[in-house]
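Encoded as structure tokens, the structure appears first; notes follow it.
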Amino acid sequence: MVFHNRHITNTFGLEAVADTYIEYRSGDELRRDLPQAKEPFLHVGGGSNLLFLQPRFAGTVFHNAIDTVEIVSEDASVCLVRAGGGMIWDDFVAWCVTRGLYGAENLSLIPGEVGAAAVQNIGAYGAEAKDIIERVEAYDINGGVKVCLSCEECQYGYRSSLFKREEGWRYFVLSVVFRLSKVRRLNLEYGALKDLDKETATLQQVRQKVIEIRQEKLPDPERIGSAGSFFMNPVVPESKYEALAREYDGMPHYPAADGMVKLSAGWMIDRCGLKGAVRGRAGVYDRQALVLVNLGGATASEIMTLAEEVIAAVKEKFDVTLHPEVQIIKKG
Ligand code: EPU
């Protein structure tokens, strides 16, 4: 279905209107409507990771509205589940937990939709979407055909994938097939999840715990505008981490790919004294410094000015450059 001048939902609560907006419920619908699309193209899920610098997007926004979920196959230990790219991510997690399927529970309550989860490789509490993605079913606009990309072909990394790179823009995610375990297998290594009893914790308890932590630390997108973590956690060489650790006691750090070390941007912003900082109608969230918030009626430029201040402060104090995790839409 093609719309014109349609509002683009975004959790930052900024004004954003698309010249052309195509919502599709199947690959065939997408094929039918594509000739009416004009570039630039932008895929939008729940709009929970976007910052629109301009109120008008003078190209085409695509929204996948396929929200069905079904079991593809199962045996005694594994269940393959296909979820439409337009399904609300947390509805998918709840669906899995209710059916006793293990693997998605640590990713409870992350805002957004299934398709965007596969594009961004969302992650939280020691789990990433890629850990349970079997394959992604997409429409290739170059060939005009439906294709299946294995998890490996999606080239997943920390908050990155093929779909976020230039060569991946040709693929429009239709649905995602997840590999879930029917056998009890929980990942309770991360921070507050360690409180749960490894032997007896149930899927529901893990989901509940994750929901509690998120509700305590992160703003409710229904009440406070934000896009979750504004920055990615920076990944630095081990020598850089060691130099910082000598200076800053207890600096949180996590192993990353290729012997690199992931630092905690929230911790660094906090140590710069910026947690809770308010600049006009934009702020650094007072319970989690990695999140920038719209305190009510903020403009995109107020948020960007604050983001630049944060980047400069962290660079000055730690000599580490932060990069946005949020997708910044510069022009239409
Ligand atoms: N910390 C502070 N002060 C703060 C924030 C954090 O000292 O203001 C410290 C914490 O005490 C902890 C460390 O920094 O030692 C890490 O904090 P946290 O566990 O809250 O996680 P994060 O690294 O800040 C990442 C993800 C979140 C995800 C959490 C939990 C990114 C960009 N963000 O945040 O994802 O929920 O881990 O796994 O990787 C998102 O992507 O939008 C998002 C919310």
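When a ligand or atom number is given, it counts from 1 through the structure's own listing order. Just so it is clear, the values below take in all heavy atoms, side chains as well, and ignore hydrogens, waters and symmetry mates.
- Nearest heavy atom pair, residue Y102 against residue R185, reads CD2-N, 3.5 Å.
- Counting heavy atoms of neighbouring residues, nucleotides and ligands inside a 6.0 Å radius, atom CD of E166 does not exceed 12 of them.
- The backbone N or O of P219 sits nowhere less than 3.5 Å from a side-chain atom of R223 that would complete a donor-acceptor pair.
- When hydrogens are left out, the protein atom nearest atom 24 (O) of ligand 1 is Q288 NE2, 3.0 Å; that is the closest non-hydrogen contact.
- Scanning the protein for heavy atoms near atom 38 (O) of ligand 1, the closest one is Y125 N, 2.6 Å.
- For the side chain to side chain contact (heavy atoms under 4.5 Å, CB included) test with R179, the passing option among I132, V78, V72, V81 is V78; the others fail.
- Annotation: P252 places no N or O atom under 3.5 Å from an N or O atom of ligand 1; distance criterion only.
- In this structure, K262 is positioned above the aromatic face of Y158, its NZ or CZ under 6.0 Å from the six-membered ring centre and within 45° of the axis.
- When only non-hydrogen protein atoms are considered, atom 36 (O) of ligand 1 lies nearest to R214 NH1, 3.5 Å.
- Between R271 and K317, the shortest heavy-atom distance links the atoms O-CE, 3.4 Å.
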> Passes side chain to side chain donor-acceptor pair (under 3.5 Å), S108 versus R207? Steps please.
Replying inline: CA-CA 6 Å; S108 289; R207 172 165 166 78; 3.1 Å; yes

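- Under the 30°/60° scheme for interplanar angles, the aromatic rings of H43 and W169 are found to be tilted.
- Contact atoms of ligand 1 toward K275: 3 (N), 4 (C), 8 (O) (distance under 4.0 Å to a heavy atom of the residue).
- Distances from ligand 1 to the non-hydrogen atoms of R287 include no value under 4.0 Å.
- With respect to atom 12 (C) of ligand 1, the closest heavy atom belonging to the protein is Y254 OH, 4.2 Å.
- Of the heavy atoms in E325, only side-chain atoms (C-beta onward) come closer than 4.0 Å to ligand 1.
- The shortest non-hydrogen separation linking C148 to E137 is SG-CG, 3.8 Å.
- Distance check on atom 43 (C) of ligand 1: some protein heavy atom falls below the 4.0 Å cut-off.
- Protein heavy atom in closest approach to atom 39 (O) of ligand 1: Y158 OH, 2.7 Å.
- Here the protein heavy atom with the shortest distance to atom 33 (N) of ligand 1 is S229 OG, 3.0 Å.
- Taking 4.0 Å as the cut-off, Y285 does not count as a neighbour of ligand 1 on heavy-atom distance.
- Applying the 4.0 Å criterion to heavy atoms of F231 picks out, from ligand 1, the atoms 32 (C).
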> Yes or no on salt bridge (charged side-chain N to carboxylate O under 4.0 Å, His left out) for E15 and R56, after CA distance, side-chain angles and deciding distance?
Replying inline: CA-CA 8 Å; E15 197 192 328; R56 180 143 216 103; over 6 Å; no

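- Within the 4.0 Å heavy-atom criterion, the part of R271 lying near ligand 1 is the side chain and not the backbone.
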>> Checking R281 against E302 for the salt bridge (charged side-chain N to carboxylate O under 4.0 Å, His left out) test, could you report, in this order, the C-alpha distance in whole Å, the side-chain angles of both residues, the deciding distance, and whether it holds?
In response: CA-CA 7 Å; R281 292 161 295 175; E302 280 176 302; 3.1 Å; yes

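- Heavy-atom proximity to G228, at under 4.0 Å, picks out these atoms of ligand 1: 42 (O).
- A salt bridge is absent between D75 and K182; no separation between the charged side-chain nitrogens and carboxylate oxygens falls under 4.0 Å.
- Looking from atom 21 (O) of ligand 1 to the surrounding protein, the closest heavy atom is Y190 OH, 3.6 Å.
- When hydrogens are left out, the protein atom nearest atom 41 (O) of ligand 1 is R159 NH2, 2.7 Å; that is the closest non-hydrogen contact.
- Residue contacts with ligand 1, taken as heavy atom pairs separated by less than 4.0 Å, involve S264 solely via side-chain atoms from C-beta onward.
- Short contacts between ligand 1 and A289, defined as distances under 4.0 Å to a heavy atom of the residue, involve ligand atoms 4 (C), 5 (C), 8 (O).
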